[in-house]
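In what follows, a single structure is set out as structure tokens and then discussed.
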Amino acid sequence: MNNLDNTDHMDSAEKETAHAAPSGRVPSGGTPRTGAPSGRALRTVREDLFALDPQPMPPMTGPKPLRWLPHLAVAAVAAFAAGPGTEDIAARGVGMAHAALLVVALRWPVPAWWLSLVMLPVFSLRASFGPYEGWAWSVHAGLLFLLALRNRPRVAYETVLLSTALLLGLQLAGGGAWPWRFVVIVLAEFALVVAAAAGVRQVREVRSRLAEQEATLAQERAHRTVLQERARIARELHDVVAHHMSVISIQADAAPYRVADPPPELVAALADIRAGALEGLTELRRLLGVLRSEDRPAGAGPEAPQPTLERLDDLLTGVRRAGLDVTATTSGTRRPLPEGVELSAYRIVQEALSNTLRHAPGARTRVELNYTCTALHLRVRNGPGQQPDQPSPGAGHGLLGMRERAAMLGGELSAAPTPDGGFEVTALLPAPAAPSDPKAPKAPKPPAGPTAPAVPSAPTTPAPVTPTATPATRQPDEEEPA
């Protein structure tokens, strides 16, 4: 956790131990190495306690007004120690500067601890600072707490050990300057603040790990939902693909009978086409069995045919019975679309209306279908709900399924709230019109230009008629000879 342990870097003693040369040998390109444990311990302490990088204390998690409450509490304690704690000393500024180290420790805990450690002998050995001695050691305990919050336990133990050594050294050097009860109280403060900091740090680490796990689970859940939606779409499109495969097989089987004396090569090629179509249809049914194995029990009957836009009126009737005021309009020339587009359009409208029923009961809803030469435009727009929405079971991934259907066809889908408090779903599904489709909307023709004047034809000479010959009857589409 970077915000809790900004000085947590790799221990150089461990790296050197892995590559250390045997005792008494000189590594190539270097000087004789003193691999004594004491030397490694000193290097470790130097790296831990002489790190001067800033370690700002992060705000508290929770409501925004309370995020900076710990910082305000530390500042209040520092102000109290600098005020009443320094009233009875002559050099009051020194005591106030020492109390202000609590605020400095909010960003630089290790340097603040070092400054306090240097100032403590001054307060203990000079009689003029006697009234501030208790405050000084309490402030030092607070610095240990702030340091232990953002450093490894090893760093906290090192600072407590040095602080304890200073306390006992001053007590012994001063010939019992304080009662031993005072020393025990200070040592108890050290132990209490370090234990409290370790507990807070542990709680924050656990919360951070839980947040990371929740983020990972949410990502996996979203990925699993996408796969489930794609599997459901694949099951629904099975009938569409199977229909086309069956048509290919039937036409390949019937083609040789439509030609008189077809060549053997053509018959063999059509037989191969039919065999390939039947094999593909068999594999498709096997794949469908795998996709449906989790949702359908063994031996379940066949499902109903997949719906198309021909059944949109039935869908709207059912929604009206559920209490939704919905109207539908169609613009452009309605034409038959590919079955996959019909199915996806129906499902998108169905899911959008279902979301309206769940989240905006009683809202006025409008369904618009616009047929163009190259695509089908859908729009489902509802106003604000007239009744409070009721919680409904389910994963709530309807929009994800609609986007997957549109993306499968190479289209686009957008869903967003409207300014009046409603919701709008729009979709563009590519559906190019077949060239031979008489119902497809056609582009307007350009206006015809002026007609060129007719060129008079040359005069024709009638052919002589033989008296004995019988005149032949001229057909209407025959031209007169020139």
Side-chain angles (χ1 to χ4, degrees), residues 228-241 243 295-296 301-372 375-387 389-390 392-409 411-416 418 422-431 439:
Q228 291 174 352
E229 288 293 333
R230 291 177 179 175
R232 188 163 66 94
I233 294 172
R235 290 193 297 267
E236 293 180 353
L237 290 178
H238 164 264
D239 294 338
V240 177
V241 180
H243 169 72
D295 298 337
R296 295 182 57 191
E303 295 182 350
Q306 298 298 338
T308 62
L309 291 177
E310 296 293 335
R311 296 175 54 184
L312 184 60
D313 293 337
D314 298 337
L315 174 62
L316 299 180
T317 301
V319 172
R320 293 189 186 101
R321 292 175 182 173
L324 193 65
D325 183 10
V326 57
T327 58
T329 59
T330 302
S331 58
T333 304
R334 188 166 184 174
R335 59 186 174 90
L337 303 175
E339 297 183 15
V341 177
E342 293 264 353
L343 173 60
S344 297
Y346 180 91
R347 292 302 190 194
I348 290 174
V349 174
Q350 183 184 39
E351 184 62 33
L353 294 177
S354 300
N355 290 339
T356 303
L357 283 173
R358 285 194 298 265
H359 304 293
R364 296 178 61 87
T365 308
R366 183 180 180 85
V367 179
E368 300 177 3
L369 281 75
N370 181 22
Y371 289 84
T372 64
L376 172 66
H377 296 261
L378 294 175
R379 176 179 294 175
V380 181
R381 181 188 179 102
N382 64 270
Q386 305 299 325
Q387 305 172 11
D389 57 331
Q390 301 294 332
S392 58
H397 295 286
L399 293 178
L400 181 60
M402 289 191 285
R403 288 192 175 95
E404 284 294 325
R405 293 182 183 277
M408 175 190 63
L409 299 173
E412 300 175 356
L413 185 137
S414 61
T418 57
F423 202 81
E424 182 180 78
V425 176
T426 58
L428 172 64
L429 305 181
K439 296 184 179 181

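In what follows, every heavy atom counts, from backbone to side chain, and hydrogens, waters and symmetry copies are set aside.
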- line: d(Thr426 OG1, Asn370 CG) to nearest 0.5 Å is 12.5 Å
Separation between OG1 of Thr329 and CD of Glu368, rounded to the nearest 0.5 Å: 4.5 Å
- prompt: To the nearest 0.5 Å, what is the distance between CG (Leu399) and CG (Leu413)?
  reply: 7.5 Å
- request: Answer yes or no: is there a side-chain heavy-atom contact under 4.5 Å between Leu376 and Tyr371?
  value: yes
task: Could you pull out the closest heavy-atom pair between Met402 and Ala352, with the gap in Å?
output: SD-N, 4.1 Å
message: For Val326, is there any backbone N or O sitting under 3.5 Å from a side-chain donor or acceptor partner on Arg320?
response: yes
Expected output: side-chain Glu342 to main-chain Leu309 donor-acceptor under 3.5 Å: yes
- prompt: What is the distance from atom CG of Leu324 to atom OG of Ser354, rounded to the nearest 0.5 Å?
  reply: 10.0 Å
- request: Would you give the length of the straight line joining atom CZ of Arg366 to atom CG of Asp325, rounded to the nearest 0.5 angstrom?
  value: 11.5 Å
task: Please report the shortest heavy-atom distance between Pro307 and Arg347, naming the atom on each side.
output: CD-NH2, 3.7 Å
task: Please name the pair of heavy atoms, one in Pro338 and one in Ala431, separated by the smallest distance, quoted to 0.1 Å.
output: CD-CB, 4.3 Å
message: Working to the nearest 0.5 angstrom, can you tell me the gap between Arg405 CZ and Leu400 CG?
response: 11.0 Å
Nearest heavy-atom neighbours spanning Gly411 and Pro430: CA-CD, 3.6 Å
- prompt: Glu424 side chain to Arg381 main-chain N or O, any donor-acceptor pair under 3.5 Å?
  reply: no
query: How far apart are the closest heavy atoms of Leu357 and Val319, and which atoms are they?
result: CD1-CG1, 4.4 Å
- request: Give the minimum heavy-atom separation between Pro384 and Ala363, together with the two atoms involved.
  value: O-CB, 3.5 Å
- prompt: Do Leu369 and Leu378 come close enough that some side-chain heavy atom pair is under 4.5 Å?
  reply: yes
- prompt: Between Arg403 and Glu351, is a salt bridge (charged side-chain N to carboxylate O under 4.0 Å, His left out) present by the stated rule, with each step listed?
  reply: CA-CA 11 Å; Arg403 288 192 175 95; Glu351 184 62 33; over 6 Å; no
- prompt: Does the side chain of Ile348 reach to within under 4.5 Å of the side chain of Val380, using non-hydrogen atoms?
  reply: no
query: Do Tyr346 and Thr308 touch side chain to side chain, with heavy atoms closer than 4.5 Å?
result: no
